[in-house]
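The shown structure was predicted, so the numbers you read here are calculated from the model rather than taken from an experiment. Indexing begins at 1, ligand by ligand and atom by atom, following the structure's order.
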Amino acid sequence: MKGSVIFEGQELFPSKVVCVGRNYKEHIDELKNEIPSSMVLFLKPNSSISKELYYISEDCHYECEISFLIKNGKIAAVALGLDLTKRDLQKALKTKGLPWERAKAFDNAAVFGEFIAIDEVDTLNFELFINGELKQKGFTEEMIYKPLEILKEISSFMSLVDNDIVMSGTPSGVGRYKEGDTFHAKLFQKEKLIKEYIWSVKGEK
Ligand code: ZN
């Protein structure tokens, strides 16, 4: 089955998801990573895309991220997404200098809510609540690399085609989650709420 996302009522099939790692200083600090000298980029395949949030494993972390849908080489729409990460496995792979697809590119590892059209990409921010408790807050102003810089850097070596998705990195506050948890994510443009997402964590698929 092909992974799809929804934009303006239409089902779209992204060929890939390009993710930025280490784009918020506080998240770099919480994982004790170094600030990268160049942009950290990695891919999630179409097969990792899901609309539902599943419990994956005990060491699996959520990372809520402002996510962009690309049309004609430009940002056409935005949604909140979850970059699911098997943290212990990722650490083990990183330590050995190995690729981290096993920790990041598994089935249902890229969860997206519905995309909405936007013109302005530099004033977006979000809040993620789990079971009513605020866990993450992200602002485009606090990103090390801003959305347009990210697009430019990716496009310098890899083509972005229509319906591809770019995930812009996660702020601090990542963590584990369990079956039955309720995720409530709010997307704002400046102070204005523009979209809300609710995911109830389903059992292992
Ligand atoms: Zn991430």
Side-chain angles (χ1 to χ4, degrees), residues 3 5 14 16-36 38-57 59-70 75 78-95 98-113 115 121 124-130 135-147 149-151 153-154 158 160 164-177 183 185 187 197 199 201:
V5 298
K16 60 183 174 293
V17 180
V18 188
C19 306
V20 182
R22 306 185 198 173
N23 204 21
Y24 289 86
K25 193 173 173 306
E26 284 175 20
H27 174 61
I28 295 173
D29 293 345
E30 82 177 337
L31 294 185
K32 299 185 174 63
N33 281 318
E34 283 172 21
I35 294 179
S38 63
M39 202 180 292
V40 175
L41 293 168
F42 61 94
L43 293 179
K44 291 188 181 235
N46 170 278
S47 53
S48 67
I49 295 173
S50 174
K51 295 179 192 74
E52 304 281 1
L53 172 56
Y54 293 99
Y55 174 78
I56 304 289
S57 62
D59 80 325
C60 187
H61 278 192
Y62 60 83
E63 296 185 353
C64 193
E65 310 197 5
I66 297 173
S67 304
F68 298 107
L69 182 77
I70 307 300
I75 292 172
V78 65
L80 290 175
L82 300 166
D83 164 17
L84 301 184
T85 305
K86 292 178 182 171
R87 191 68 69 203
D88 298 341
L89 182 57
Q90 186 199 26
K91 264 184 211 148
L93 293 166
K94 270 162 61 178
T95 305
L98 293 170
W100 63 36
E101 275 76 3
R102 286 172 183 274
K104 286 273 194 187
F106 50 87
D107 287 357
N108 305 305
V111 181
F112 297 104
F115 283 82
V121 297
L124 294 164
N125 59 90
F126 75 89
E127 291 174 346
L128 171 69
F129 296 83
I130 302 180
K135 295 287 189 182
Q136 289 194 284
K137 271 167 90 87
F139 302 87
T140 37
E141 292 95 335
E142 285 180 9
M143 291 177 179
I144 296 171
Y145 299 105
K146 309 288 187 255
E149 271 178 275
I150 296 170
L151 236 63
E153 176 68 15
I154 296 168
M158 179 166 49
L160 286 167
D164 279 354
I165 294 172
V166 173
M167 300 189 86
S168 59
T170 200
S172 60
V174 302
R176 295 176 180 197
Y177 64 96
F183 282 53
L187 178 63
Y197 304 94
W199 289 286
V201 180

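Side-chain contact, Gln136 with Ser172: no donor N or O sits under 3.5 Å from an acceptor N or O.
By the side chain to side chain contact (heavy atoms under 4.5 Å, CB included) test, Asn33 pairs with Arg22, Ile28, Leu31, Lys94, sequence neighbours left out. Take Lys146 and apply the side-chain hydrogen bond (donor to acceptor under 3.5 Å, both in side chains) test, not counting sequence neighbours, and it matches no residue. Scanning for side-chain hydrogen bond (donor to acceptor under 3.5 Å, both in side chains) contacts around Lys44 gives Asp83, with sequence neighbours left out.
Shown here for Ser67 and Phe112, the closest heavy-atom pair between the two residues is OG-CE2, 3.6 Å.
Near-neighbour remark for the Zn ion (ligand 1): protein N, O or S atoms under 2.8 Å are Glu63 OE1, Glu65 OE2, Asp83 OD2; waters not counted.
Using bins of under 30°, 30° to 60° and over 60° for the plane-to-plane angle, the ring pair Tyr197/Trp199 lands in the parallel bin.
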